[in-house]
There are 2 protein chains.
Amino acid sequence: MPAASGEFDIIRDFFAGAKKNSEGVVLGIGDDCALLRPPAEGMLATSVDTLVADRHFPAGADPVAVAARALRVNLSDLAAMNARPLWFTLALTLPHSDVDWLRAFSRGLLETAARYGISLVGGDTTRGPLSITIQVTGISECPLRRDGASAGDAVYVSGSLGAAAAALPVILGQQPAAESTRREAEHLFYFPEPQLSLSESIGGLASSALDISDGLLADLGHICAASGVSADIDMQALPVAPLAQQLAGEGAAALAAGGGDDYQLCFTVPPENIPQLELLGLDVTRIGRIVEGAGEVRAWRDGERWIPQACGYQHF
Amino acid sequence: MPAASGEFDIIRDFFAGAKKNSEGVVLGIGDDCALLRPPAEGMLATSVDTLVADRHFPAGADPVAVAARALRVNLSDLAAMNARPLWFTLALTLPHSDVDWLRAFSRGLLETAARYGISLVGGDTTRGPLSITIQVTGISECPLRRDGASAGDAVYVSGSLGAAAAALPVILGQQPAAESTRREAEHLFYFPEPQLSLSESIGGLASSALDISDGLLADLGHICAASGVSADIDMQALPVAPLAQQLAGEGAAALAAGGGDDYQLCFTVPPENIPQLELLGLDVTRIGRIVEGAGEVRAWRDGERWIPQACGYQHF
């Protein structure tokens with residue numbers, strides 16, 4: 001597409017700081033295509049996500065934070081597949097060329113890239129309503145798919161759940177909170193931690209995995225649908241995040257079950273691998289089991305079915 | 001990112017027709033990442049482009065045509081690198097879920113994909129102002145870069161130039177034209193032909209190449225800047241498109257030199273490869289030569305410098 005001097009200046013001025021001698025990058029930003037030589041072993045894993053201003057983040061948000069979130073949520077998809085980050089591209093649509101915004105955004109992006117060892121290799125800048133599309137590519141020798149769960153497998157989640165969903169009304173100014181809480185909420189939302197290291201640890205032990213972006217029950221439903229199984233979840237076993245308890249009180253368990261944006265991993269482990277997993281001492285919690293069925297996820301509390309009021313995030 | 005049932009339905013309903021057993025596609029649409037096994041020989045070439053509604057195409061345009069253009073202009077970037085198409089992803093932002101629009105768009109996209117042997121392997125759908133981001137990946141054993149031109153090389157272009165720029169005012173209703181001319185203009189704009197076959201033919205002979213999206217002189221300037229050379233172009237040698245002559249009269253040569261969107265290739269050939277290139281009988285025209293210099297492109301007519309009034313397409 002049209003790629004004239006204005007666009008070239010933006011890429012050169014703000015994003016050319018991207019490392020050029022990174023692994024496998026033969027030719028980075030500045031030609032019709034990037035040229036890449038992937039590692040000989042393993043499969044490429046690739047994922048693309050768009051963040052639209054005032055839908056996925058406030059248009060006036062700190063560009064450093066927006067850039068961090070945009071790349072981190074994509075890296076979370078690599079973690080979900082047990083893929084090591086290699087390269088990414090950026091398609092940036094901006095209403096106008098705002099030097100201060102671009103300087104901060106590119107700094108946030110390149111700092112995040114350096115932190116996770118992923119190289120910016122290409123992109124496109126266009127004028128229009130603010131949105132950010134990032135595509136990440138990684139390499140995996142032992143990919144974790146959604147379709148590998150079997151009846152009898154245990155269901156695990158990493159970390160704790162519900163904090164990001166509890167944080168959202170604070171970030172949006174809909175719920176009052178102390179300054180320190182507001183900062184914690186913003187940090188949780190804009191700087192989710194892609195579970196790359198955890199994913200590597202469970203790669204050879206789990207039968208399926210994904211990252212929790214839409215909410216635990218909705219996302220586990222994707223594993224069940226892809227694997228042709230159902231799941232029973234013990235609500236009392238859920239690792240509810242302290243911030244969710246602090247902000248949502250009795251509603252915290254529902255946020256842990258149904259709230260999105262935590263970017264923790266949900267994964268299944270065959271019985272024979274459970275002892276080895278438990279020996280690793282990872283920050284993971286067993287919350288239920290996979291059973292025969294047709295893609296249903298059932299949550300239980302005190303021996304009774306627990307029905308979520310709202311489940312997951314709906315785009316359309 | 002959030003990927004709940006609404007988004008899943010759109011991808012399943014409209015894009016799941018994408019071939020699943022394509023070359024190297026281990027896992028396509030529906031997981032956190034696509035899993036891909038590239039050919040063992042060659043380098044990956046990847047490029048991303050965004051089309052924003054009412055900037056790169058009219059929002060009310062035929063979705064089949066919009067899809068075709070979105071994919072074809074990306075394939076042109078693969079042609080410019082002499083890369084064979086493998087896979088692509090689609091990040092689609094839509095103001096609302098319009099079934100008729102989606103049905104037509106997905107048909108146009110998958111038909112175009114089938115025509116050029118490229119597989120849709122993943123994507124993201126979000127709600128927001130209409131825009132389309134496509135990232136293509138191909139494989140090249142003999143990539144054509146922008147930085148390989150040397151003083152003494154001949155400059156060539158493929159096909160003819162200026163038709164797309166001449167067609168634009170007709171498409172936008174700013175210039176009256178016969179119905180058949182209007183149709184030809186629309187076809188040129190929405191269905192540019194990526195020069196994949198030509199690129200393969202010149203791969204071992206050319207020293208540099210790119211596709212002409214911004215206009216010949218502007219794009220040749222990118223080759224000169226990347227290669228650290230200058231170029232002299234003979235305006236009387238330019239292959240001016242018949243449609244440009246028909247619509248723009250005496251202004252046709254200026255459109256051929258400065259108008260964008262033709263997606264022909266501009267490439268340089270070292271003197272020792274010229275005889276072999278000419279023997280191939282390709283639809284290419286020699287238009288000038290590379291000289292020592294600092295990135296300047298000079299156009300000449302009747303022995304005098306020809307100065308373009310407007311040159312190339314400016315995003316910002």
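Letters go in sequence order (proteins before strands), and every chain restarts at 1.
For A/Val52, the part sitting under 4.5 Å from any heavy atom of chain B is the side chain, from C-beta outward, and nothing else. Within the 4.5 angstrom heavy-atom criterion, no atom of B/Ala226 approaches chain A. With a 4.5 Å cut-off on non-hydrogen atoms, A/Ile212 does not touch chain B at all. Interface remark: B/Ile223 contributes no atoms to any contact with chain A (heavy atom separation under 4.5 Å). B/Thr46 touches chain A through backbone and side chain together, each having a heavy atom under 4.5 Å away. The parts of A/Ala45 that come within reach of chain B are both its backbone and its side chain, each placing non-hydrogen atoms under 4.5 angstrom from that chain. Contacts between B/Ala209 and chain A at a heavy-atom distance below 4.5 Å involve the backbone alone (N, CA, C, O). At a 4.5 Å heavy-atom cutoff, A/Ala40 makes no contact with chain B through either its backbone or its side chain. For B/Leu210, the parts lying near chain A are the backbone and the side chain together; criterion is any non-hydrogen pair under 4.5 Å.
No donor-acceptor distance shorter than 3.5 angstrom exists from the side chain of A/Asp77 to the backbone of B/Cys33, with no hydrogens or angles considered.
The 12-atom threshold is not exceeded at CD of B/Glu200, counting heavy atoms of other residues, nucleotides or ligands nearer than 6.0 Å.
Of the residues listed (A/Thr50, A/Thr133, A/Thr93), the one engaging B/Thr93 in a side chain to side chain contact (heavy atoms under 4.5 Å, CB included) is A/Thr50, and it is the only one.
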> Taking it one step at a time, do B/Leu27 and A/Met43 satisfy side-chain contact (heavy atoms from CB on, under 4.5 Å)?
Replying inline: CA-CA 10 Å; B/Leu27 184 65; A/Met43 273 178 260; over 6 Å; no
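Comparing A/Ala34, A/Ala80, A/Ala53, A/Ser47 by how many heavy-atom pairs each has under 4.5 Å with chain B, the most go to A/Ala34.
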